[in-house]
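Throughout, a chain's letter reflects where its sequence line sits, starting with A, and its residues are numbered from 1.
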Amino acid sequence: LPRTRANGDRRDKRGPAVDQAFAALAAELGDGVPSGLRDLEPDQLRDLTKAIVDTRHRNSAALAAGGERALNMIPRLLRGPIRKIVG
Amino acid sequence: MSREFAHAEAHAEVLKLARILEREPGQLAYLERLSPDDLGLLRERVTEALWTDNNHMLGRIAAASKLLPAAVSAAISERAFGAFVSARLAGLLEPDRAVDVAAKLSPGFLADVAVQLDPRRASGVITRISADQISDVTRELVLREEYVTMGRFVGHLSEDAVTAALDVTDDRSLLRVAFVLDDKDRLDELVGQLPKHRLAGIVQTATDGALWLEGLDLLAHLGDERRAEVVATALELDDQALETITDAVLEHDLWGEVLVIAERDSGLQAKLASRLGSLSPDQRRAVRARVRKAGAIERLGVLGEALEAE
């Protein structure tokens with residue numbers, strides 16, 4: 001944001017909300033989230049975090065469903081040994 | 001880097017991130033105000049997070065798949081797991097085994113996997129895939145206009161595979177891929193692999209398709225020798241072509257980037273000089289400062305004179 005007084009005031013007001021939303025994003029991604037992302041609005045940070053969380057859930061669901069479907073495609077004789085490895 | 005290039009790079013990063021998060025790029029447009037560097041780091045962090053989820057389970061699936069013939073593994077990948085899980089598995093399988101499985105997959109599904117794959121995590125596999133198969137997948141990606149995906153892979157392909165991919169990539173797609181390439185340091189080498197007639201084709205395509213933003217970015221990333229070679233082709237352009245370059249320079253503020261051509265082309269110098277009047281006094285001063293900083297005033301003929309006469 002440009003360093004104007006108006007924006008400075010705005011940043012002060014939105015500070016805690018930005019901190020909170022940024023912390024939620026950092027909790028999802030771990031260390032190394034660029035501090036430049038603090039320039040986003042809290043809603044935008046929350047939307048980004050949600051997009052990441054949704055993708056992780058979607059990917060995990062795809063893996064679980066895929067595993068079930070895969071078992072049905074494996075020759076019967078191999079299902080036992082495969083189950084043993086996959087657990 | 002001009003402001004326009006920085007914005008274009010930010011846009012390219014948002015496209016990549018949107019692809020990873022399966023969102024429409026417009027839904028993440030608010031990210032474009034961030035710097036390309038911050039966006040690159042963000043994409044890195046997101047990729048890292050997604051690619052460490054379920055690692056243990058995927059490792060066990062990869063181990064179990066060794067018991068299956070490659071054809072069965074391929075069928076399971078395509079019909080049970082889908083593109084994302086298959087992309088993850090590609091990085092966990094032994095490279096030779098992964099290549100055997102990939103050989104049984106359809107080009108369409110491999111293109112789906114390519115979109116999801118982080119090439120750095122399966123580089124050992126990608127470099128082993130046959131040039132013929134890379135050619136088939138590239139054809140599919142070109143059809144889908146998956147320039148971002150193609151740009152992520154170039155740095156991981158074998159030399160033969162790059163040649164095969166270039167053969168099936170039309171000039172327009174090539175310019176678009178070059179613009180979003182992850183490793184732009186390779187552009188000089190890539191352009192060096194093109195036959196001479198394609199250099200002219202690229203320049204002509206930049207003109208016909210109003211892709212001079214991409215064209216000038218490409219030139220800016222070439223070494224001196226290669227750039228001179230391409231520019232020599234560009235100098236054969238007609239008046240209409242010079243007009244479109246001038247339009248692109250004015251529209252996208254590419255004064256710094258156009259100097260490499262303008263220094264060698266008096267027609268372009270005249271064209272740009274005649275359009276200086278359309279700039280505001282502040283813009284003209286900024287252009288003059290940039291040209292002076294580049295030490296190019298003397299080499300710009302009538303354009304240099306027009307700038308100094310301001």
Quiz item: In terms of heavy-atom pairs under 4.5 Å, which option from B:Leu17, B:Leu41, B:Leu21 contacts chain A the most?
Solution: B:Leu21
Atom group of [X] that falls short of 4.5 Å from chain B, counting heavy atoms:
X: A:Arg58; answer: side chain
X: A:Leu37; answer: both
X: A:Asp31; answer: backbone
X: A:Leu63; answer: both

Quiz item: side-chain contact (heavy atoms from CB on, under 4.5 Å) between A:Leu78 and B:Val72: does it pass, once the steps are laid out?
Solution: CA-CA 12 Å; A:Leu78 289 173; B:Val72 175; over 6 Å; no
Please check if the number of heavy atoms outside [X] that lie under 6.0 Å from its [atom1] is greater than 12.
X: B:Glu22; atom1: CD; value: yes
X: A:Gln20; atom1: CD; value: no
X: A:Arg79; atom1: CZ; value: yes

Side-chain heavy atoms of [X] within contact of [Y], under 4.5 Å:
X: B:Ser65; Y: A:Ile82; answer: no
X: A:Ile85; Y: B:Lys66; answer: no
X: A:Asn59; Y: B:Val85; answer: no

Quiz item: chain B: which of A:Arg83, A:Arg69, A:Arg56 shares the most heavy-atom pairs with it under 4.5 Å?
Solution: A:Arg56
Practice problem: Determine the option with the most heavy-atom pairs under 4.5 angstrom with chain B, choosing from A:Leu29, A:Leu40, A:Asp47, A:Ile74. | Solution: A:Asp47
Taking side chain as everything from C-beta outward and backbone as N, CA, C, O, which of these in [X] sits under 4.5 Å from a heavy atom of chain A? Side chain, backbone, both or neither.
X: B:Leu34; answer: side chain
X: B:Ile20; answer: backbone
X: B:Arg88; answer: neither
X: B:Val46; answer: both
X: B:Glu44; answer: neither
X: B:Ala62; answer: neither
X: B:Leu42; answer: both

Quiz item: Any luck finding a side-chain donor-acceptor pair between A:Asp43 and B:Tyr30 under 3.5 Å?
Solution: no
Quiz prompt | Check: B:Asp53/A:Ser60 side-chain N/O donor and acceptor closer than 3.5 Å | solution = no
Looking at [atom1] of [X] and [atom2] of [Y], how far apart are the two atoms once the value is rounded to the nearest 0.5 Å?
X: A:Lys84; Y: B:Leu67; atom1: NZ; atom2: CG; value: 11.5 Å
X: B:Arg23; Y: A:Leu48; atom1: CZ; atom2: CG; value: 8.0 Å
X: A:Gln44; Y: B:Leu31; atom1: CD; atom2: CG; value: 7.5 Å

Exercise. Mind listing the closest non-hydrogen atom pair of A:Pro75 and B:Leu68 along with its distance?
Key: CD-CD2, 4.3 Å
Quiz item: Shortest non-hydrogen contact from A:Ala70 to B:Ala80?
Solution: N-CB, 3.6 Å
Quiz item: Would you say the side-chain atoms of B:Arg33 pair up with the backbone N or O of A:Asp39, donor to acceptor, closer than 3.5 Å?
Solution: yes
